[in-house]
Undergrad: 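Structure incoming, see below.
So you know, we letter chains A, B, ... as the sequences are listed, proteins then strands, and number each from 1.
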Amino acid sequence: MSDSYDFKSIERKWQDYWSERNLFHVERREDKPKFYYLDMYPYPSGELHMGHVRNYIIGDAFARFKTMHGFNVLHPMGWDSLGLPTENAAIKFDVHPIEWTARCVRNMKQQFDRLGISYDWSREVDTSDPEYYGWTQWLFLQLFKNGLAYRGPGMVNWCSQCATVLANEQVVNGCCERCDTVVERTTREQWFFRITEYAEKLLEDLELLDRWPERVVKMQEHWIGKSRGFSFSVDIEGYDEQMEVFTTRIDTVYGVTFMVLAPEHPLVRTLTEGTEREEEVRDYTRAAMAQSFIDRTSDDTEKTGVFTGAYATHPMTGERVPIWVANYVMMDYGTGAIMAVPAHDQRDFDFARKYDIPVVPVITPEGEELDGEMMTEAYVEDGMQINSGEFSGQPNREALEQIADTLEECGIGHRDVSYRLRDWCISRQRYWGAPIPVIYCDNCGTVPVPEEDLPVQLPEDVEFRVTGSSPLSQNEEFMNVQCPRCGGQGRREADTMDTFVYSAWYYLRYPSPHEDEAPFNREDVDYWLPVDQYVGGIEHATGHLMYSRFITKVLHDLGWVGFREPFASLFTQGMVYKDGAKMSKSRGNVVTPDEINDRYGADTGRLFSLFVGPPDQDTEWNDEGVVGSHRFLWRVWRLATENLEHYESDYAAALPEEGTQSQRAMRRKTHQTAMKVTDDLEGMRFNTAVAAIMELSNDLGDFAGAMAADDTADRAVFSEGLTYLIALLSPITPHICDELWARMGREPSLFECEWPPAQDELAREEAVTIVVQVNGKVRDNVEVAADTEMDAVVPIALASERLAKYIEGKDVVKTITVPGKLINFVVK
RNA sequence: GCCGGAGUGGCGGAACUGGCAGACGCACCAGACUCAAAAUCUGGCGGGGCUAAUUACCCCGUGCGGGUUCGAAUCCCGCCUCCGGCACCA
């Protein structure tokens, strides 16, 4: 062992040591409180960059800290390997996704290990493993059996080139991210999970998430988008059918001057088929549907529409109300049809003005007359009801309730709630996913695959590069299957499941990753779950996190788990930018951990990742900053190795009872740092924890420089300081700390050591500086013993020479004192 | 438009429930060591004024404008800018 900080061999040495001792493996145990720390698993892209690394270092430092602090910490990792990103990469590099995944996983796992991350690899989960996705299929079957999975028509993003449905995030500027084809919004038969059934529960239980970031809760709340209103049906002249509309403003019903259907609404066809308007309307709806996606991104798409020729009957007045089709009504919200009240809704107003439809005000602001012809914008505030039959003359909010009562009594409609949340489309017409475990039989219809036949294996020999239809449908061997019910000829479902399905339950698998009788072992799940701390990117606020909550609730209601929320506490880490852009492979601005490891070592990369700034905020990568972190580790290295002969591992007995002033100050700093670091790590404030450790290191360096080598008390104080320094630093830079720990004659690994206890009485200041202000401006300060009463400090402060010129010849009208902090004289 | 978040030195960022703004680090400057450089160590480092210069001292300063308070980066009101999310939600 040389005296130089040879990080390469040190890091390799300790990584080997940890892995040989199987240090990071955990089991259930009752003698310690459990702690489940979970990082969102990555999709195996093949290479980590410092953006990911920051995230995983946060987790590792925290998990190590918790372990040392006495918790039984579950800290697992796995791979989100099934899905489009992997399939696309495989196509690009012309490899089979199985091979590609294996390669990427191998490399990334090595990268994780080189960073010294304390994962329990015996619990590794890989979603592309049939063991895993078989249980995902099992999950599908449970939802299916309970009416929560269904096949039906739904609005989807369809790329005709790739012949697949695209998730919203795969649509960029209205085009397919892969081939740039304009994406169509169309209706196709797809498999859905009925997440809307859980809209209310998902909303209500947000209250339980008091340790989630406020903004994530807000985003989910908004995403669910609950609004209370009224639904009712109106008759259509000359047709048997009725048209159902939803409104939040039933008080404005007397102001209805037209009705609007979304272009996709099935009634559009019914009402125009065979009429003279058929062609015009058909042309319009086609154009509207084709443009709708691209135009959605532009700020104010012009409202356009066309009259269907049909009339509805006003539910209160019996008047004829024309029915229009317009692009500003969306099929996937409410009923896809609205009652339009131009006087009191800005969108309806704009539309009415454009097409010369009458504007009839039914609510007026206090002391004002509204004239439908003269209005320049809709009046959307509250006011008095007018032109509203028996309801005229009262405040609109009261009228709203009465009109609702009346309509309910007549059986025309009912109070209703509408959600923005849509059902979750889980079908993908792609290869690299778990086959949806369903068989179609001419006799029996849609038949679920029996649980004992799971997993439905994804065949390897499939041409997945083709575009045109679901790749699996071309594999006859896979497709042809006996109907499990009648034994006749059946065909398998050729679609696979969406990536988000696998990730919606993976956290339940880690506690018992090898369980083969069930998706998870109930006892293990009961012990470890809910996740105590979940960490990941904010981009998953409304996707993954919503789906996971949903699946947990379903499993709860079916009796499979005992809790309703999977993640007790959530932390969203910031992204790493470089050259002003998010660090990503496609931008070519990545810094990889390998580069950092080679030049400075993993510990330096770890330290810098945590020191750059608050972990929940975005940060800019800075090459110079890394050097600073590296320098700090060198300083620690020298501080320890150059003073080894002064170090006593058995220092406790030699600690001075009273001690000199500098000894007391050193011990104070040591214990203050222990307090601060403990507190900061608990709150994941790594940047300030590191700063505090640096201060301790600086002070300890000064102390070491000044101490008398033969003074046992000095040596004991130094030894205590160094012991604390290395232990406090060890969750952050574990390799160098274990190495120094061993050289200090202590038993590694620090991972198994106790967290250094902070002693309050030693950390307490003996003297405090009292700031002396005159009229709020600092003019002096005085140093007094910490326990001095403020009353005793006032005369000392008043006697100050520096103060003299500010108070001379003036009256002290008021004296404000803050114990241990300051005195402020208010003078006139 | 609505909902979040953020604006502090040249830079990243500190500052507990209102109490010395700028911890810690980077960059920079000066000095020591060196033939020299690197590394390392020591000191300095918000702006302005006063001073021959130093010490001391004074004024200003946390996006902008008001306010509350003995005292505001922190609380309140009104704006501006940037970032993120949602967006014709009936």
Undergrad: Could you work out the separation of B:rC20 and B:rG61 based on their C1' atoms and round it to a whole Å?
TA: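 Looking at atom C1' only, B:rC20 and B:rG61 are 15 Å apart.
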Undergrad: Once hydrogens and angles are ignored, does a donor-acceptor distance under 3.5 Å link the base of B:rC88 to the side chain of A:Lys303?
TA: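 In this structure, the two groups form a donor-acceptor pair.
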Undergrad: Can you figure out which of B:rC24, B:rC86, B:rA21 approaches the side chain of A:Val778 most closely?
TA: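 Nearest to the side chain of A:Val778 among the choices is B:rA21.
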Undergrad: Can you tell me the distance, in whole Å, between the CG atom of A:Asn775 and the C1' atom of B:rC59?
TA: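 Atom CG in A:Asn775 sits about 16 Å away from atom C1' in B:rC59.
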Undergrad: Identify all pairs in which a protein N or O lies below 3.5 Å from an N or O of nucleotides 39-45 of chain B, and state each distance.
TA:
{"unit_1": "B:rU40", "atom_1": "O3'", "unit_2": "A:Arg638", "atom_2": "NH2", "d": "3.3"}

Undergrad: If you measure from the C1' atom in B:rG44 to the same atom in B:rG10, how many Å do you get, rounded?
TA: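 Here B:rG44 and B:rG10 have their C1' atoms 16 Å from each other.
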Undergrad: Give a yes/no answer on whether the side chain of A:Arg779 brings an N or O atom under 4.0 Å of OP1 or OP2 in B:rC57.
TA: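 Answer is no, no contact under 4.0 Å.
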Undergrad: Check every atom of B:rC88, B:rG19, B:rC20 against the side chain of A:Val771 and return the nucleotide holding the closest atom.
TA: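 Within the option list, the nearest is B:rC20.
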Undergrad: I'd like the P distance from B:rU62 over to B:rA72, given in whole Å.
TA: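 B:rA72 and B:rU62 have their P atoms separated by 11 Å.
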Undergrad: Classify the glycosidic conformation of B:rG9 as syn or anti, calling it syn when the angle lies within 90° of 0.
TA: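 Syn conformation here, the glycosidic angle of B:rG9 being no more than 90° from 0.
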Undergrad: Taking only the C1' atom of each, what is the distance from B:rA27 to B:rG9 in whole angstrom?
TA: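 Those two atoms are separated by 12 Å.
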Undergrad: Angle between ring planes, A:Trp621 versus A:Phe608, binned at 30° and 60°: parallel, tilted or perpendicular?
TA: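 Judged by the thresholds at 30° and 60°, the geometry between A:Trp621 and A:Phe608 is perpendicular.
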Undergrad: Among B:rC24, B:rA15, B:rG12, find the nucleotide with the atom closest to the side chain of A:Val612.
TA: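 Looking only at side-chain atoms, A:Val612 lies closest to B:rG12.
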Undergrad: Under 3.5 Å, is there an N or O donor on one side and an acceptor on the other linking the side chain of A:Gln773 and the base of B:rG19?
TA: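 Indeed, a donor on one side and an acceptor on the other fall under 3.5 Å apart.
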Undergrad: In whole Å, what separates the C1' atom of B:rU68 from that of B:rU74?
TA: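 Looking at atom C1' only, B:rU68 and B:rU74 are 14 Å apart.
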Undergrad: Distance check, C1' atoms only: B:rA14 and B:rG7, in whole angstrom units.
TA: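 To the nearest whole Å, 16 Å.
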Undergrad: To the nearest Å, give me how far apart CD1 (A:Ile224) and P (B:rG85) are.
TA: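 Result: 19 Å.
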Undergrad: Students often mix this up, so state it plainly: with edges at 30° and 60°, are the rings of A:His630 and A:Trp634 parallel, tilted or perpendicular?
TA: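 Ring orientation of A:His630 relative to A:Trp634: perpendicular.
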Undergrad: Name the closest nucleotide to the A:Met219 side chain, picking from B:rG85, B:rG12, B:rA90.
TA: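 Output: B:rG85.
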Undergrad: Less than 4.0 angstrom between a side-chain N/O of A:Asn687 and OP1 or OP2 of B:rA14, yes or no?
TA: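 For B:rA14, OP1/OP2 do have a side-chain N/O of A:Asn687 under 4.0 Å.
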Undergrad: Base, sugar-phosphate, or nothing: which does A:Lys821 touch, judged by heavy atoms less than 4.0 Å apart?
TA: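 The residue A:Lys821 makes base contact.
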Undergrad: With P as the reference atom in both, quote the distance from B:rC59 to B:rU69 in angstrom, rounded to an integer.
TA: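 Comparing P positions in B:rC59 and B:rU69 gives a spacing of 23 Å.
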Undergrad: If you check the A:Lys218 side chain, which of B:rC24, B:rA14, B:rG4 turns out closest?
TA: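 Within the option list, the nearest is B:rG4.
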Undergrad: With under 30° as parallel and over 60° as perpendicular, where do the rings of A:Tyr355 and A:Trp324 fit, or are they tilted in between?
TA: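 The arrangement is tilted - the two ring planes meet at 30° to 60°.
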Undergrad: How about A:Glu783: does its CD atom have over 12 heavy atoms from other parts shown lying under 6.0 Å from it?
TA: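 Yes.
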Undergrad: If the C1' atom of B:rU81 is compared with that of B:rG65, how far apart are they to the nearest Å?
TA: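 It works out to 15 Å between them.
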Undergrad: For B:rA90, does OP1 or OP2 lie under 4.0 Å from any side-chain N or O of A:Ser227?
TA: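 True: A:Ser227 side-chain N/O within range (under 4.0 Å) of B:rA90 OP1/OP2.
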Undergrad: Of all the choices, B:rC24, B:rC20, B:rA14, which nucleotide is nearest to the side chain of A:Asn781 once you look at every atom?
TA: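 So the nucleotide nearest the side chain must be B:rC20.
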